[in-house]
Amino acid sequence: MSAEAVKEASMEMQKKMIAKNYDAITSKHETGRKVASTFVPGNLNELLMCFDIVNNLPEINAIQAGMRKASGGYIMEAEKTGHSEDVCTYVKCDIGQMSKGNIAPNGKPYPNPDVLMLSYTGCYTFMKWFELLREQYKCPTLMLHVPYEGDGHSTKNMRDYLVKQLKEVVIPGLEQVSGVKFDIDRLRQYLRNSAKAEDDLVWCLEQGKKKPSPIDAYFGGVYYIGPIFTAFRGTEDAVGYYEMLRKEVQGRIENHQGPLTPEGTYFNDQKYRLVVEGPPNWTNFREFWKMFYDEGAVVVASSYTKVGGLYDQGFRHDPDNPLESLADYCLGCYTNLNLPTRVDLLAKYVEEYEADGLLINSIKSCNSFSAGQLMIMKEVERRTGKPGAFIETDLVDPRYFSAANVKNRLESYFQMIEQKRRGGGSKTVAA
Amino acid sequence: MSGKKKSVADIVSYCQEIFDDINFGYARKWKAAKPGRKVVGFLPVYVPLELIHAAGCLPLGIFGGGDQMEVIHGDAYYQSYICRIPRSTIELGVTNRLDVADGMLFPFVCDVIRNLSGMWKIMFPNVWTKFFDTPQNFDANIGGTYYQQELLELKEGLEQLTGRKISDADIQRSIKIYNENRKVVREVYAFRAKEPWKAPASEVYLMMRAGLLIDVEEHTQLMKDYMAAASAEDRPKRDNVRIAIFGSFCEQPPLNLIKSIEMAGCYVVEDDYALVNRFLTVDVPTSGDPLEALSTTYLKHSVETSCKYVPVEEDKGKFHIAAVKACGAEGVIYATPSFCDPALLDRPMVCGRLSEAGIPYISFKYAENSGQMQPIREQAGTFADSIKLWS
Ligand code: SF4
Ligand code: SF4
């Protein structure tokens with residue numbers, strides 16, 4: 001893709017926030033600040049902030065590498081050193097990047113982290129990922145084990161286990177790494193900010209119910225969730241970002257506009273409304289997005305925008321119960337929910353957002369998302385009576401993005417939706 | 001299995017019959033023998049069998065469909081890049097072969113088995129289906145407290161399934177029975193490590209797999225009979241090298257693969273096939289609170305395997321190195337199922353540590369229905385030759 005993407009003010013603001021965070025990471029030797037590596041789902045950003053620790057997220061670095069078209073080389077590098085072609089490409093991208101000088105998007109080298117904050121939720125790969133990084137960095141690793149909601153809900157035992165780990169492992173560990181004493185009132189203040197930003201995020205996501213939808217809840221959605229899912233939840237910056245985003249969405253509603261495409265046009269002529277399950281592909285992100293708006297398809301709700309919390313289902317960080325609310329947050333991230341709950345949620349989205357059906361982007365790398373998705377599709381189709389479709393790509397491995405295949409499948413899917421509208425039967429478009 | 005003095009061939013063929021029976025005839029017969037009996041299936045890699053036994057149920061080890069079952073429906077549930085065990089397990093379910101199981105436990109091994117637990121809930125709503133979690137925090141006060149409560153919930157689930165209470169004495173009795181079983185399992189492994197020509201890996205494997213499908217006390221006796229018969233038999237000692245197998249704890253290789261490794265000149269003297277009955281490495285205390293006993297033993301005395309976190313970096317791979325040394329293996333074959341994230345992500349770390357300890361290794365991938373054994377025979381054969389040459 002040659003032309004620069006056209007960006008709204010909120011996107012520019014987010015870009016600046018990200019750049020500032022990368023600068024904070026890469027200047028740690030000058031500023032003396034400590035850096036934690038940690039993951040998106042179940043991240044404890046507000047808690048890390050209580051210790052003045054800067055948050056570096058390897059998944060986000062992999063996404064950045066994917067969008068800059070550097071991930072393919074990193075992955076091959078990792079495979080050359082004995083990592084299997086079968087495993088999660090985020091891990092290999094991260095490891096390959098390390099062996100290639102570990103340069104951050106600002107052109108400066110990533111410093112080694114002072115702590116690996118392993119708060120993993122919804123995926124076991126995280127645990128191995130940090131075992132692998134630990135070998136290189138030889139820094140302390142703090143583990144927060146988040147149990148899976150196998151029966152479709154969390155239990156008191158799970159919550160107590162998490163709070164105990166926070167009190168007895170994570171907080172003392174972070175105090176030791178940072179030399180800063182924990183202040184629960186500081187945490188409360190950050191959580192208050194989080195809740196405010198979360199309210200605005202939810203409002204924005206719910207505007208997908210409007211026709212035309214003023215948002216794209218998948219391709220646009222990855223921008224909307226950016227600050228809350230990463231290093232900014234709990235900050236004043238994030239509160240400001242979501243206020244701005246809300247105003248932009250409101251403005252589009254007033255003007256009957258759809259979301260802005262990277263080409264700078266408002267996507268108003270929306271023919272198909274989709275719910276999408278699964279993460280996007282990052283190596284061909286704009287090309288992938290274009291396949292949708294070129295055909296008139298807007299995404300009105302997605303599960304990927306819930307991997308860092310199901311705020312739209314009512315969860316808020318709670319300053320009155322700070323540690324408990326961090327526990328509840330970790331437990332409730334999307335991939336920590338069992339399959340029946342995921343099916344319920346997706347079927348609900350199809351209905352509440354009046355979508356034409358569920359599209360699944362199945363990611364080769366990611367068992368956490370992908371194992372069981374074919375059944376999810378069948379179940380959601382059965383319950384909603386709306387046709388589903390299945391495409392396969394990868395996160396950051398360009399070898400698994402076949403534009404022609406994806407395009408073909410999308411086109412057949414849209415034809416099927418047309419047919420369904422004309423009263424024909426539903427049939428699945430599958431691999 | 002009846003009769004007095006059993007030969008190795010009798011025992012092995014009995015085990016083979018149970019192993020081959022993907023309709024779970026033994027469990028069906030066991031269940032039909034008394035009204036009200038229940039069967040509880042479980043997937044890899046570990047569940048506390050003692051609790052299932054204490055509930056009066058038969059624990060049934062489900063390790064996929066092996067290489068004899070044609071997977072027709074299962075493939076429609078899984079993409080090509082997901083390992084094979086969940087699809088063949090689904091096949092067992094949709095073809096009613098698993099209708100013998102009144103309950104199914106899906107342990108913590110990985111995201112695939114985890115998600116399969118939810119699929120089972122949707123597909124088989126009349127089966128009591130539970131995801132069974134174990135802690136990754138190994139502090140008795142933190143992970144232990146959590147785990148004991150999880151064990152209690154498992155116990156209550158089993159009570160609901162059977163309609164009868166499980167007392168502490170019931171659990172203690174079962175712990176004793178399983179302690180004895182684990183002791184004899186360890187003896188079989190020690191016997192094989194000492195005289196591997198008398199206890200080929202394929203035979204030991206069949207006996208362990210059958211053991212997870214039959215009554216535990218019968219299995220204990222079977223192993224004792226096997227050791228008695230095998231030590232009496234005069235089997236030729238070959239010039240094979242001694243190897244340990246790691247990475248095969250979940251989806252199992254076809255039996256032919258295990259045989260091929262032996263035919264290539266390797267004596268398997270240690271392995272992590274179907275780990276369940278070796279997951280706890282010492283006896284579980286039989287006095288005091290039985291759930292606390294199970295929990296403490298899990299926290300302090302269980303194997304290192306890819307689905308468990310290793311809290312201290314220096315400890316990574318120590319378990320494997322100690323196991324290699326204890327059994328006198330000369331090399332390691334790290335054999336994993338294709339697309340197995342836990343084992344494949346662990347591979348560079350574990351193999352790196354083996355290398356540092358001067359232990360040679362090779363690695364390859366398999367699927368439970370792999371048919372082509374020639375490449376594996378060649379690879380294992382070359383490995384065996386290289387060990388002989390350099391040792
Ligand atoms: S397997 Fe999926 S959820 Fe897990 S680290 Fe990789 S991409 Fe993330
Ligand atoms: S073989 Fe590996 S990936 Fe597959 S279910 Fe077992 S542990 Fe999970």
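All figures in this text were calculated on a predicted structure; none of them were measured in a lab. Letters go in sequence order (proteins before strands), and every chain restarts at 1.
- Using a 4.5 Å cut-off between heavy atoms, A/Y137 does not touch chain B at all.
- Between A/Y124 and A/Y120, the ring planes are tilted. Angles from 30° to 60° get that label.
- Ranked by heavy-atom pairs shorter than 4.5 Å toward chain A, the options B/S306, B/S117, B/S338, B/P86 are led by B/S306.
- The aromatic rings of B/Y298 and B/Y147 lie tilted to each other, with the angle between the two planes from 30° to 60°.
- No hydrogens or angles considered: nothing links the side chains of A/T393 and A/N281 as a donor-acceptor pair under 3.5 Å.
- Of the listed residues B/I90, B/V109, B/N137, the one with more heavy-atom pairs under 4.5 angstrom with chain A than any other is B/N137.
- One finds no salt bridge joining A/K364 and A/D397 here, because no Lys/Arg side-chain nitrogen approaches an Asp/Glu carboxylate oxygen to under 4.0 Å.
- With a threshold of 4.5 angstrom between heavy atoms, A/I363 approaches chain B through N, CA, C or O but not through any side-chain atom.
- Proximity to chain B (any heavy atom under 4.5 Å) is restricted, for A/L118, to the side chain, taken from C-beta onward.
- Note on ring orientation: taking the six-membered ring where Trp is involved, the planes of A/Y304 and A/F369 are tilted (angle from 30° to 60°).
- Put simply, of A/P340, A/C366, A/G372, the one with the most heavy-atom pairs under 4.5 Å next to chain B is A/P340.
- With a threshold of 4.5 angstrom between heavy atoms, A/C88 approaches chain B through its backbone and through its side chain.
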>> Test side chain to side chain contact (heavy atoms under 4.5 Å, CB included) on B/F63 and B/V276; report intermediate values, then the result.
In response: CA-CA 11 Å; B/F63 287 81; B/V276 192; 3.9 Å; yes
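- Contact count versus chain A (heavy atoms, under 4.5 Å) is highest, among B/M123, B/E150, B/M119, B/Q136, for B/Q136.
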> Please walk me through it: do B/V40 and B/L105 pass side chain to side chain contact (heavy atoms under 4.5 Å, CB included)?
Replying inline: CA-CA 7 Å; B/V40 176; B/L105 297 178; 4.0 Å; yes
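- There is no side-chain donor-acceptor pair under 3.5 Å between A/K378 and A/Q373.
- In this model, a donor atom of one side chain and an acceptor atom of the other lie less than 3.5 Å apart for A/H145 and A/Y161.
- A donor atom on one side chain and an acceptor atom on the other are not found under 3.5 Å apart for B/D102 and B/W128.
- Using a 4.0 Å cut-off between a side-chain N of Lys or Arg and a carboxylate O of Asp or Glu, B/E313 and A/K138 qualify as a salt bridge.
- For the set A/S365, A/P140, A/G122, A/G152, the entry with the most heavy-atom pairs within less than 4.5 Å of chain B is A/G122.
- Looking at B/E153, the atoms closer than 4.5 Å to chain A (heavy atoms on both sides) all sit in the side chain, from C-beta outward.
- Comparing A/K164, A/E85, A/E131, A/M143 by heavy-atom pairs within less than 4.5 Å of chain B, the highest count is held by A/E131.
- Residue pairs that meet the salt bridge (charged side-chain N to carboxylate O under 4.0 Å, His left out) test with at least one member in residues 103-121 of chain B, sequence neighbours left out, are A/D151-B/K121, B/D111-B/R114.
- Within the 4.5 angstrom heavy-atom criterion, atoms from both the backbone and the side chain of A/D86 approach chain B.
- With a 4.5 angstrom heavy-atom cutoff, B/C83 does not touch chain A via any of its atoms.
- When heavy atoms are compared at a cutoff of 4.5 Å, B/N141 approaches chain A by way of both its backbone and its side chain.
- Heavy atoms closer than 4.5 Å to chain A are found in the backbone of B/T129, but not in its side chain.
- Neither the backbone nor the side chain of A/E149 comes within contact range of chain B; no heavy atom of the residue lies under 4.5 Å from a heavy atom of that chain.
- Other residues, nucleotides and ligands place no more than 12 heavy atoms under 6.0 Å from the CD atom of A/Q176.
- Taking B/C340, B/A76, B/S80 one by one and counting their heavy-atom pairs under 4.5 Å with chain A, the maximum is reached by B/A76.
- Both the backbone and the side chain of B/P135 come within less than 4.5 Å of a heavy atom in chain A.
- When only modelled atom types and interatomic distance are considered, A/S362 and A/E392 share no side-chain donor-acceptor pair under 3.5 Å.
- A/R342 and A/Y334 form a side-chain donor-acceptor contact under 3.5 Å, judged by distance and modelled atom types alone.
- Between B/R87 and B/D75, at least one side-chain N (NZ, or NE/NH1/NH2) sits under 4.0 Å from a carboxylate O, which counts as a salt bridge.
- Across B/K130, B/E314, B/R347, the residue that shares the most heavy-atom pairs under 4.5 angstrom with chain A is B/R347.
- For the atom pair CD (B/Q149) and CG (A/N157), the distance works out to 4.5 Å, reported to the nearest 0.5 Å.
- In this structure, chain A has heavy atoms under 4.5 Å from both the backbone and the side chain of B/F108.
- If you measure heavy-atom distances from B/D133 to chain A, the contacts under 4.5 Å come from the side chain alone.
- B/V310 touches chain A through backbone and side chain together, each having a heavy atom under 4.5 Å away.
- Residues of residues 350-369 of chain B that come closer than 4.5 Å to chain A, counting heavy atoms only, are B/R353, B/K365, ordered by residue number.
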